[in-house]
Amino acid sequence: MKRLVLAALVLVACDASSDETDLAYPAALRDINPDPGIVEVMITASQTAEELRPGTLTAMWGYRDGSIHGSRATVPGPMLEARQGDLVIVHFKNELPEPTTVHWHGIRLDAMFDGVPGAQTTVPREGEFEYRFVAQDAGLFWFHPHLRSEVQIEHGLYAPLVVHADDGIEVDQERVFILDDVKLDGDGQLARTTTSIDMMMGRMGNVLLVNGRSDHELQIGPHARERWRFVNAANGRFFNLVLPGHVFTVIGWDGGLLEQPYRTESLLIAPGERYEVLVTLDGTLGARIPLQTIHYDRGHELPDDGPRDLLHVTIAPEIARGLVDPPVDMRIIEPIATDEHTRVRRFVLSEDQSEDRDPVFFINGEQWPNITPTYASLGTTEIWEIENRAIMDHPFHLHGAFFQLLSRDDEPEPRTAWKDTVLVPQRSTVRFAVQLNAPGTWMYHCHILEHAERGMMGHLIVVEGDVPAVEFPGDSIGPGSGGPHGGH
Ligand code: C2O
Ligand code: CU
Ligand code: CU
């Protein structure tokens, strides 16, 4: 039976154009609505197959453009593009063998369309759901399931969502790169077993993918300035990017442009995070430069497996416009006002990795789904203090709002900028300010998917008027090391 299914997938995959290697801007979904202010698309989740290793097709799941008859699902799925202010309508259909949802990571929307179980019923096999939101913020977002996410996203269900604006950033070329890795068994299929290391670190793959492939060859003219937008869609891998001989000029984070750019030689991207950079290619004609990920110590003494090449850029005889001046003031972001009366809420992240059982993860000593929801009243500002007591890093993600970083340990954050996912390094504390302007139930969780699904996830319920009298568990977790489930 299994063999038959695979054979069918091979046929589907063969008529696809898998020969383009410069697929650095994923194909976009077709807008079926002629109204210039509305983007209306059809997205279908389906089974598919991808050639991740030369000569072998790996059975995957992906999104396809449901408006094109017989279109093939791809990994990543087709990109959703909108302009700031557009109304986005998505007709979603599930052709997978199990229920799913679509979560619009980073998009501020009505809680009923956030794609988390509870806010909507899950979309059953052969079921449909219509999502609607206004693209309020410009930037790079992404969509993915929020159900069995460590399995469904690992299978390939993720795609970029770009909200464009006239932001004055001039470049020769813009590219979108979705970073991922997959763990393949010897026969080229997704690993069937989950080890306790997979659970502990988030499953790390043996094949690294940029937009679904590991062999991209880009041809770029000398001195061309490009805008590269990155999202890390991996279950657990951290990407620490370098382009040897070059620096990245970082212009944007999760919530769009920064006020001013800054330069860095390496760019760390934790699962769920997005970064936008400018690069100006430099090199002699014909030089071939790898984009690499290098080692980063994310805890648990994970061995250095880098540097590893993600794609290659060859300096080609193409004409660049010679854009030299980097942008200076890109945007003004008002800092969220806080004072000594602002409620400070503490969230303590911890793990239990006792030898005799699979690792489990906690927020304030509680393990999803057996958690006390966090109640807050609509319109208030809070300071969230995320203390990581584990000996590994956890990227903390909040739905429904962007926040502004205040400090990392005792270092004040130098930039006023918007994020929805922040890396909380091992044994450290990150503080951010957030305005709770959207009513409803919102999730917060570690974006290492195995951690979220194994307990490190919670519910924020933003209510109008007074909050119910529920004890907030973070209040009873004292400072210092240990705690009910302190790190080891
Ligand atoms: Cu990328 Cu809760 O999501
Ligand atoms: Cu999200
Ligand atoms: Cu985690």
Side-chain angles (χ1 to χ4, degrees), residues 76 100-109 111 113-120 131 133 137 139-150 152-154 157-161 178-180 198-204 231-238 254-255 269-274 298-300 302 347-353 359-363 367-368 386-403 419-428 430 438 440-460 485 487:
T100 189
T101 65
V102 187
H103 168 58
W104 311 92
H105 183 133
I107 295 286
R108 294 189 291 144
L109 39 54
F113 298 124
D114 197 41
V116 297
Q120 66 166 102
Y131 294 92
F133 55 86
D137 305 288
L140 173 62
F141 309 96
W142 61 301
F143 54 98
H144 63 72
H146 226 284
L147 193 64
R148 298 213 314 135
S149 62
E150 88 288 23
Q152 296 198 357
I153 298 177
E154 174 70 1
L157 289 166
Y158 59 81
L161 193 176
I178 294 217
L179 310 174
D180 188 19
D198 291 342
M199 296 175 208
M200 179 50 76
M201 307 310 291
R203 175 189 275 201
M204 301 229 289
V231 45
N232 182 350
N235 284 30
R237 179 177 293 273
F238 286 49
D254 304 339
I269 311 180
E273 282 190 303
R274 284 93 63 215
R298 50 178 287 218
H300 282 301
L302 207 67
F347 297 87
V348 174
L349 311 181
S350 63
E351 64 196 37
D352 183 348
Q353 44 145 354
V360 280
F361 300 88
F362 306 89
I363 299 179
Q367 192 186 3
W368 173 269
I386 320 294
E387 181 191 346
N388 181 356
R389 286 192 191 165
I391 51 164
M392 67 177 297
D393 298 9
H394 294 286
F396 185 91
H397 170 47
L398 172 64
H399 289 208
F402 291 109
F403 48 78
K419 283 191 73 61
D420 56 54
T421 307
V422 61
L423 182 61
V424 188
Q426 47 191 306
R427 300 261 178 214
S428 75
V430 164
T441 298
W442 306 100
M443 312 210 72
Y444 50 85
H445 57 90
C446 177
H447 219 289
I448 294 176
L449 303 174
E450 283 76 3
H451 297 180
E453 300 288 344
R454 301 185 63 75
M456 202 175 268
M457 182 145 73
H459 260 162
L460 163 69
H485 307 278

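As the structure lists them, so they are numbered: ligands from 1, and atoms in each ligand from 1.
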Whether His394 and Phe361 hold their rings parallel, tilted or perpendicular, with breakpoints at 30° and 60°:
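Judged by the thresholds at 30° and 60°, the geometry between His394 and Phe361 is perpendicular.
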Tyr444 and Phe347 aromatic ring geometry - parallel, tilted or perpendicular at 30°/60° bounds:
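Perpendicular.
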Nearest-0.5 Å distance, CE of residue Met201 to CZ of residue Arg237
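The distance works out to 11.0 Å.
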List the residues meeting side chain to side chain donor-acceptor pair (under 3.5 Å) with Arg203, not counting sequence neighbours, and say none if there are none.
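Side chain to side chain donor-acceptor pair (under 3.5 Å) check on Arg203 returns nothing, list empty.
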Restricting to side chain to side chain donor-acceptor pair (under 3.5 Å), what partner residues turn up for Asn388, sequence neighbours left out?
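If we apply the side chain to side chain donor-acceptor pair (under 3.5 Å) test to Asn388, skipping adjacent residues, there are no hits.
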Is the gap between the ring centers of His399 and His445 under 6.0 Å?
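Ring centres of His445 and His399 closer than 6.0 Å.
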I want to know whether Trp142 and His447 have ring centres closer than 6.0 Å.
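So the answer is yes for these two rings.
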Restricting to N, O or S atoms of His451, which is nearest to the Cu ion (ligand 3)?
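That would be atom ND1.
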His394: its N/O/S atom lying closest to the Cu ion (ligand 3) (atom name):
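This residue's closest N, O or S atom turns out to be ND1.
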Ignoring waters, how many protein N/O/S atoms are under 2.8 Å from atom 2 (Cu) of ligand 1?
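Of the protein's nitrogen, oxygen and sulfur atoms, 3 lie under 2.8 Å from atom 2 (Cu) of ligand 1.
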Should His105 and Thr421 be marked as a side-chain hydrogen bond (donor to acceptor under 3.5 Å, both in side chains) after you check the CA-CA gap, both sets of side-chain angles, and the distance that decides it?
CA-CA 10 Å; His105 183 133; Thr421 307; 3.2 Å; yes
Main chain of His146, side chain of Thr101: is a donor-acceptor contact present, judged purely on distance under 3.5 Å?
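Such a contact is found between Thr101 side chain and His146 backbone.
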For the pair Asp393 and Arg298, find out whether any cationic side-chain nitrogen is under 4.0 Å from an anionic carboxylate oxygen.
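No, no charged N to carboxylate O under 4.0 Å.
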Near the Cu ion (ligand 2), which protein N/O/S atoms are found at less than 2.8 Å?
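Near the Cu ion (ligand 2), the protein supplies His103 NE2, His397 NE2.
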